[in-house]
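One structure is given below, encoded as structure tokens.
Both backbone and side-chain heavy atoms feed into the values below; hydrogens, waters and symmetry mates do not.
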Amino acid sequence: MPDGLSSLPRPLVLVVEDEAAIATMLRYNLEKQGYRVAEASDGQEALTRIQEQQPDIVLLDWMLPLMSGIEVCRQIRRKPSTRDLPVIMVTARTEDQDAVRGLNTGADDYITKPFNIDSLLARMRALLRRSNAVPDKGQLAFHDIEMDLSSHRVTRNGRKVHLGPTEFRLLEFFMQHPRRVFSREELLDAVWGHDIHVEPRTVDVHIRRLRKSMNIDNELDVVRTVRAAGYALDTEPV
Ligand code: CA
């Protein structure tokens, strides 16, 4: 991370999928969850991307042009540098499930299309935790702020900070994307959800509350207001 202000690195997922619609859907959902996403649309490209970008986990379609998912997986396992790379095989219902299961593909897990995205995300988290490729998602840190998602604790410079539920979610979202400027509409989508109708002005109210809780005793204001653009978690002055 830039200038050593540790926010946990966001895991890189390589989506290997020849159906563009599925790849797009996966990218959308994974990015929403804070993952970085790389894509490959055939087996050969997958191996190149793995070499170049060193993803933390691979979602590997079983039926691919040029080289099957199984062959890609075999090659991943063969190389010492990628032997432990977590791989989730994605299969279609029409493919022979017993064959998928029975073949020694070397995949860590597999999931059947059409799949439930939450189920996929849960399997990914489990594999990422097991592989220790990334730290547990439960801890976030930025500047002098620490956030423990499982115990709902926030501290600033060691001091306990009390936040309402909305301010907590706002801070969590900011901590996942430090320094990035988000418009009110983007914050509404990310923190309140797409389906709920809330006035953009509501965001301002909660930002004010978040600021008030985070910045006491003349502490550095970490919530940056960017005129006509939105808000960011940042330590740089405007
Ligand atoms: Ca396919």
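- Atom-to-atom distance recorded for Q33:CD and R125:CZ is 6.5 Å, nearest 0.5 angstrom.
- Ring planes of F173 and F182: tilted class, angle from 30 to 60°.
- Salt-bridge formation is detected for the pair D61/K113: a Lys NZ or Arg NE/NH1/NH2 atom is positioned less than 4.0 Å from an Asp or Glu carboxylate oxygen.
- For the residue pair T48 / E52, no side-chain donor-acceptor distance below 3.5 Å is found, with atom types taken as modelled.
- Comment: E172 does not engage R169 in a salt bridge, judged by the lack of any side-chain N to carboxylate O separation of less than 4.0 angstrom.
- Side chain of R77 to main chain of R83: a donor-acceptor pair is present (N/O by atom type, distance under 3.5 Å, no hydrogens or angles).
- Counting heavy atoms from C-beta outward, R78 and Q75 have side chains that approach closer than 4.5 Å.
- Results of the side-chain contact (heavy atoms from CB on, under 4.5 Å) test with I111 over N116, I88, T91 single out I88 as the only residue that passes.
- A salt bridge links R159 and E219; the closest N-O separation between the charged side-chain nitrogens and carboxylate oxygens is under 4.0 Å.
- Pairs of residues two or more places apart, or lying in two chains, that qualify as ring pair (Phe, Tyr, Trp, His ring centres under 6.0 Å) and include a residue from residues 204-236 are W192-H206.
- Taking OG1 of T225 as the reference point, atom CG of D204 lies at 8.5 Å (rounded to 0.5 Å).
- For the side-chain contact (heavy atoms from CB on, under 4.5 Å) with I57, the lone residue among V13, L12, V15 that qualifies is V13.
- Taking CE from M124 and CG from D109, the interatomic distance works out to 11.5 Å, rounded to the nearest 0.5 Å.
- Around the CZ atom of R153, the shell of radius 6.0 Å holds no more than 12 heavy atoms that belong to other residues, nucleotides or ligands.
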Query raised in the report: Passes side-chain hydrogen bond (donor to acceptor under 3.5 Å, both in side chains), N157 versus T155? Steps please.
Result: CA-CA 6 Å; N157 210 1; T155 58; over 6 Å; no

